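Here is the structure we will look at, set down as structure tokens.
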Amino acid sequence: MSTHDEDRLSRSLHDRAGDVHGAPVDLADVQRSARGIQTRRRVVAGVAALAVVAVAVPVALGVRGAPGSERPVAPATSTPSTAVSRTPTPTPTPSPTTPQPEGVTPLTVQGAHTGVPAQITYLRGRTVVAPGADPVDLPATYESIAPYRGGWLAVQRKRQGQPYVVHIDASGQVTSSKPGGDRIVTSQDGVEVSWVEDGKLFLDTTNGHSDLPQSIDLPAGSSGFPVGFVSPGSVVVNDNAQDRKYYVTDLKALTEIHGVLGVRATDQALGRLGAQVSYDSHDGTSCWKVATNTGGDREPKTCDWTIESFSADGAHFVGYPSGIDGLGSATVGLLDSATARRVASFDRQGDGVTYVSDAAWEDEAHVLASLHDGDQWYLVRLGLDGSLQKVDEAPGSADESPFRFAAHS
């Protein structure tokens with residue numbers, strides 16, 4: 001790990017240590033933050049290539065806090081939005097691998113069929129891969145990027161890991177670069193974008209049809225980031241201060257979300273949260289619930305799985321086993337969001353270095369996951385029917401995935 005990565009890891013662990021004021025820290029969350037830094041390959045976007053990419057790549061690329069989901073095309077630029085094409089993903093041919101007991105599919109590409117290309121945009125190292133477009137290689141380095149007013153918004157790490165929000169115009173010129181949050185989120189339909197810059201939360205349309213973006217001051221000392229949208233014009237934000245709080249805002253007022261220790265996912269379709277509500281310091285496990293956007297009680301609750309991201313229709317969520325450690329998760333669950341019951345799960349066989357570093361919904365029945373299996377990285381498609389397909393592959397060290405996904409609510 002480079003000195004730069006060590007700085008980022010140290011900063012993240014320090015921030016996460018204050019995640020819950022007066023309550024035990026979620027060790028799994030701390031470890032996952034560390035893994036996120038270890039496995040994160042920064043989005044790269046060349047200033048000289050940006051104008052070309054704005055035409056060729058309809059995507060908002062961002063860090064994992066909330067993996068991508070999809071909605072109809074939006075007029076973010078002159079091309080389709082970051083949203084997924086509504087062309088249904090063909091039903092994958094089931095992998096010939098032998099299912100484990102209780103419907104658990106082996107998490108391996110061994111014997112898996114190769115499926116159709118991904119229906120959402122993703123990064124393979126420095127290459128942007130978009131449905132129906134030629135891959136675009138980008139020379140400059142960014143952590144997160146989203147189309148905005150004909151150009152781009154991007155997050156770049158500077159000065160010992162400090163994230164800066166960079167504004168890039170349609171000609172590829174950087175017009176501003178200010179300290180900000182390390183995440184940019186877009187709405188499911190790709191029309192709205194939100195980010196944090198200079199202690200303010202901003203909200204605007206990606207196509208810039210407003211005169212000026214809306215903004216609201218975050219509490220003093222905050223340096224947070226938006227988690228995701230819960231409805232059009234309404235965003236959940238993490239203030240990232242020492243006493244880590246979460247708010248929902250329409251950019252007119254901040255309303256604190258009570259009764260949660262953390263929020264990792266938002267469901268814009270039904271206005272819900274995937275919220276951590278407890279932590280057991282003895283075994284490192286945590287409990288999660290699908291909550292209202294005010295943090296109120298709402299079933300279901302699970303102490304077996306985390307809630308990482310919701311499908312676009314809100315019917316399912318991706319989860320990892322509560323209390324996981326290491327570089328990533330050796331098990332991925334696709335669960336019913338009304339009951340928290342497992343619909344399908346994928347589990348490592350043996351003790352090899354096999355794990356998923358990130359996952360994103362491709363459509364309402366399939367998830368794309370970045371999988372390290374053996375000595376190679378793969379993009380795999382996981383289905384609610386328990387199927388597994390290979391989609392793409394790339395070399396990379398075991399602790400750094402070359403695959404990254406779009407960031408939507």
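Everything numeric here is computed off the predicted structure, so don't read it as measured data.
At a threshold of 4.5 Å between non-hydrogen side-chain atoms, the residues W377 and S357 count as touching. No side-chain heavy atom of V236 sits less than 4.5 Å from a side-chain heavy atom of Y247. Residues Y320 and E308 form a side-chain contact, since some pair of their non-hydrogen atoms from C-beta on lies under 4.5 Å apart. Between K178 and V165, every side-chain heavy-atom pair lies at or beyond the 4.5 Å cut-off. Considering only heavy atoms from C-beta on, S286 stays 4.5 Å or farther from S278 through its side chain. A heavy-atom distance below 4.5 Å is found between the side chains of R264 and T306. For the pair V193 and I184, the minimum side-chain heavy-atom distance is below 4.5 Å. For the pair R244 and N238, the minimum side-chain heavy-atom distance is below 4.5 Å.
Taking a cutoff of 4.0 Å between a charged side-chain nitrogen and a carboxylate oxygen, D182 and R157 qualify as a salt bridge. Residues R149 and D204 are paired through a salt bridge, judged by an N-O separation under 4.0 Å between the basic side chain and the carboxylate. Comment: D217 engages K200 in a salt bridge, judged by a side-chain N to carboxylate O separation of less than 4.0 angstrom.
Defined by atom type and a distance below 3.5 Å, a donor-acceptor pair is present between the side-chain atoms of E197 and H167. For Y148 and N207, the side-chain atoms include no donor-acceptor pair closer than 3.5 Å. If you check the side chains of E393 and Q376, you find a donor sitting under 3.5 Å from an acceptor. Looking at D313 and S311, their side chains do bring a donor and an acceptor atom within 3.5 Å of each other. Side-chain atoms of T108 and Q110 include no donor-acceptor pair closer than 3.5 Å. Checked by atom type, the side-chain pair D347/T331 shows a donor-acceptor distance below 3.5 Å. For the residue pair D250 and S234, no side-chain donor N or O sits within less than 3.5 Å of a side-chain acceptor on the partner. Between the side chains of R404 and S370, no donor N or O sits under 3.5 Å from an acceptor N or O.
Checking side-chain atoms of T205 against main-chain N and O of E192 turns up no donor-acceptor pair under 3.5 Å. At least one donor-acceptor pair closer than 3.5 Å links the side chain of R272 to the backbone N or O of G314. T186 places no side-chain N or O within donor-acceptor distance of the main-chain N or O of G190, the cut-off being under 3.5 Å. Between the side chain of S329 and the backbone N or O of V332 there is no donor-acceptor pair closer than 3.5 Å. Here the side chain of E362 pairs no donor or acceptor atom with the backbone of V367 at under 3.5 angstrom. A donor-acceptor pair under 3.5 Å is formed between the side chain of T266 and the backbone N or O of F229. A donor-acceptor pair under 3.5 Å links the side-chain atoms of N240 to the main chain of S223, judged by distance alone.
The ring-ring contact (aromatic ring centres under 6.0 Å, His included) check on F317 picks up nothing, with sequence neighbours excluded.
Atom-to-atom distance recorded for F310:CZ and S337:OG is 6.0 Å, nearest 0.5 angstrom. With values rounded to the nearest 0.5 angstrom, L335 atom CG is found 8.5 Å from I307 atom CD1. Note that CG of L388 is 6.0 Å distant from CZ of F346, once rounded to the nearest 0.5 Å. One finds the CG atom of L201 at 7.5 Å from the CG atom of L254 (value rounded to the nearest 0.5 Å). Atom OG1 of T114 is separated from atom NZ of K390 by 4.5 Å, given to the nearest 0.5 angstrom. With rounding to the nearest 0.5 angstrom, the NE2 atom of H366 is 7.5 Å from the CD atom of Q389.
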For this session: Take K158 and S177, measure what side-chain hydrogen bond (donor to acceptor under 3.5 Å, both in side chains) needs, and give me the verdict at the end.
Result: CA-CA 10 Å; K158 300 180 181 180; S177 178; 2.8 Å; yes

Exercise. What do the steps show when you test R342 against V104 for side-chain contact (heavy atoms from CB on, under 4.5 Å), and what is the final call?
Worked result: CA-CA 10 Å; R342 184 187 63 195; V104 178; 3.8 Å; yes

Exercise. Yes or no on side-chain hydrogen bond (donor to acceptor under 3.5 Å, both in side chains) for D385 and S387, after CA distance, side-chain angles and deciding distance?
Worked result: CA-CA 6 Å; D385 60 358; S387 59; 2.6 Å; yes

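Annotation for G224 and L218: closest pair N-CD1, 4.3 Å, computed over non-hydrogen atoms. Looking at every heavy atom in both residues, R124 comes nearest to V129 through NH2-CG2, 3.7 Å. Taking every heavy atom of both residues into account, V230 and L273 meet most closely at CG1-CD2, 3.8 Å. When all heavy atoms of A269 and A312 are compared, the pair lying nearest together is CB-O, 3.2 Å. Considering every non-hydrogen atom in both V185 and G228, the closest pair reads CG2-CA, 4.2 Å. Here the shortest heavy-atom pairing between A344 and G383 reads CB-O, 3.8 Å.
Taking the six-membered ring wherever Trp is involved, the centroid distance between the rings of W195 and F225 does not fall below 6.0 Å.
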